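Everything below concerns the one structure shown next.
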Number of protein chains: 2
Amino acid sequence: MNEAAPRTRIQKRNREIILEAALEVFSAEGFRGATLDRIAEAAGLSKPNLLYYFPSKEAIHVALLAGLMDTWLAPLAGIDPDGDPVEEILAYVRLKLDMARDYPRESRLFAQEIVQGAPRILDQIEGPLKTLVDEKAAVIRAWAEAGRIAPLDPCHLIFSIWATTQHYADFDVQVRGILRPEGETHFDAAHAFLEGLFRRALTPDGPAGAAIR
Amino acid sequence: MNEAAPRTRIQKRNREIILEAALEVFSAEGFRGATLDRIAEAAGLSKPNLLYYFPSKEAIHVALLAGLMDTWLAPLAGIDPDGDPVEEILAYVRLKLDMARDYPRESRLFAQEIVQGAPRILDQIEGPLKTLVDEKAAVIRAWAEAGRIAPLDPCHLIFSIWATTQHYADFDVQVRGILRPEGETHFDAAHAFLEGLFRRALTPDGPAGAAIR
DNA sequence: CGTGATCCTGACCAAACGGTCAAACCTTTT
DNA sequence: AAAAGGTTTGACCGTTTGGTCAGGATCACG
């Protein structure tokens, strides 16, 4: 089985079915907690059939992570150096929170991988991810030095955005447990809160002595 | 084996050794990823001996989580309604970040449990944790309504503090991967950053038209 | 110092697990 | 329509895993 390129439409379809099922199971149970039997069941395929399309359990996991990385990084890549600094960063926050709401399984998959030391994607982190963060951090640093946003460390700012947004996906159970019986609207509240938090933190102080209302 | 009360000093000592080893292994590999053999090895005891002190693998996990919950909640409980609002919250942030630095295994243990749906501590979350959060949220809400801090949703503020601080423990690998080759000082930088972030976000606006420098 | 309670271990077990394989089945191509 | 290539499966295998057990070692105490 050539893993890289599907040759028939059955291959393409079943690959996708398997990855979807694997995402469901891996994100909920972790790599070790997930079993081929449960993935096969979720995919509606037999276990040997799974292993016809992927050489091993680990290969499925790696394929999932690799396929997701780009999608996951896209919002950060979208920060525009020529845009309005505060609005660009707030737009990023909004997009990242939308992803936590719309793709919680992907978020949890990454979270578990990284908590356990990222054994399968460490190179991706130290490679493409670091490169992208370095690039965008430079943009933010320039904004800060120009006084267009408050002087905050860009890397830690990015971390804080990741942390606060992904929290709503990764710690969903805790959030719901504490907010209950507040309904399904807590993502709206989170949007409003994070917008307020980061807008206040980012907006530069006026020139010394200036009146601010 | 009476699980609740150690009757001899050997019992007490070995219980602690086992829990320490279990923390090491569970936090690194997750519940399903950890094996009794690895815990036994880390504890320097035989596997049957482990099961002499705890009736099952799950019992060890539960004992760990239960024993940690109080410690984990202590900093939040320490927020003083009579203190200076901004300083009280900033002190909480500092304490929480210290815990992420000094007790990363505990943080990762909780993180993994909650990511997977908190199957073993859901009642603790919806019970004592929710109660405590509700109590402190009320304090913060009162501060906000009195105009002593900026008007931010207290629950989401607490979430954002948890998220940003625990991020440095739970996603340590990612943080190091991106900050590299920055040395071991990144917790100092994180302290400074979070202090700046939350101070800016929390400090109330001056009265309309007032000069702020 | 001996005796009962506590502590520890090697050998073992059943279930679950990831993975294999030959053979059957289905699709596409000629 | 039949060969060729792609797909699916039941049965099976070796290993790992959580857990048991009978018996031996060690400790506390009268």
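Note that the structure is predicted; figures quoted are calculated from it, not measured. When reading the values below, keep in mind they use all heavy atoms of this one structure, side chains included, and skip hydrogens, waters and symmetry mates.
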_Atom-to-atom span, CD1 of Ile60(A) to C1' of dG19(C) - whole angstrom_ = 12 Å

_Please list all pairs meeting salt bridge (charged side-chain N to carboxylate O under 4.0 Å, His left out) that have one or both residues in residues 71-86 of chain B, counting only residues at least two apart or in different chains._
none

*Yes or no on salt bridge (Lys or Arg N to Asp or Glu O under 4.0 Å) for Arg105(A) and Glu24(A), after CA distance, side-chain angles and deciding distance?*
CA-CA 7 Å; Arg105(A) 299 176 306 174; Glu24(A) 185 71 26; 2.6 Å; yes

_Expected output is a numbered-order residue list: members of residues 29-42 of chain B with a heavy atom under 4.0 Å from any atom of DNA chain D. What is it?_
Ala34(B), Thr35(B), Leu36(B)

*Specify the separation, in whole Å, of atom CZ of Phe54(B) and atom C1' of dC7(C).*
15 Å

_Contact under 4.0 Å: Ser46(B) side-chain N or O vs dT9(C) OP1/OP2_ = yes

*Does a donor on one side chain and an acceptor on the other come within less than 3.5 Å for His191(B) and Tyr168(B)?*
no

*Reckon Asn14(A) has a side-chain N or O less than 4.0 Å from the OP1 or OP2 of dT8(D)?*
yes

*For Ser56(B) and for Leu45(A), locate the closest nucleotide of DNA chain D by heavy-atom distance; then report the residue assigned to the nucleotide nearer the 5' terminus.*
Leu45(A)

_Which label fits His61(B) and Phe26(B): parallel for a plane angle under 30°, tilted from 30 to 60°, or perpendicular past 60°?_
perpendicular

*asked:* Check this for me, if you would: do Glu126(A) and Lys130(A) make a salt bridge, where the nitrogen-to-carboxylate-oxygen distance has to be below 4.0 angstrom?
replied: no

*When the distance from CG of Asn49(B) to P of dT20(D) is rounded to whole Å, what number comes out?*
15 Å

*Contact state string [nucleotides 20-30 of chain C, B base, S sugar-phosphate only, - no protein heavy atom under 4.0 Å]*: BB------S--

*Is there a side-chain contact between Leu23(B) and Glu106(B), using heavy atoms and a 4.5 Å cut-off?*
yes

*Keeping the roles fixed (side chain from Arg200(B), backbone from Thr203(A)), state whether a donor-acceptor pair exists under 3.5 Å.*
yes

*Are Arg94(A) and Asp98(A) ion-paired here, with the side-chain N under 4.0 Å from a carboxylate O?*
no

*Taking only N and O in the side chain of Gln11(A), is any of them less than 4.0 Å away from OP1 or OP2 of dG6(D)?*
no

*Under 4.0 Å between a side-chain N/O of Tyr52(B) and OP1 or OP2 of dC7(C), yes or no?*
yes

*Anything under 30° is parallel, anything over 60° is perpendicular, the rest tilted; go ahead and classify His167(B) against Phe171(B).*
parallel

*Rounded to whole angstrom units, what separation is found between the NZ atom of Lys57(A) and the P atom of dT16(D)?*
14 Å

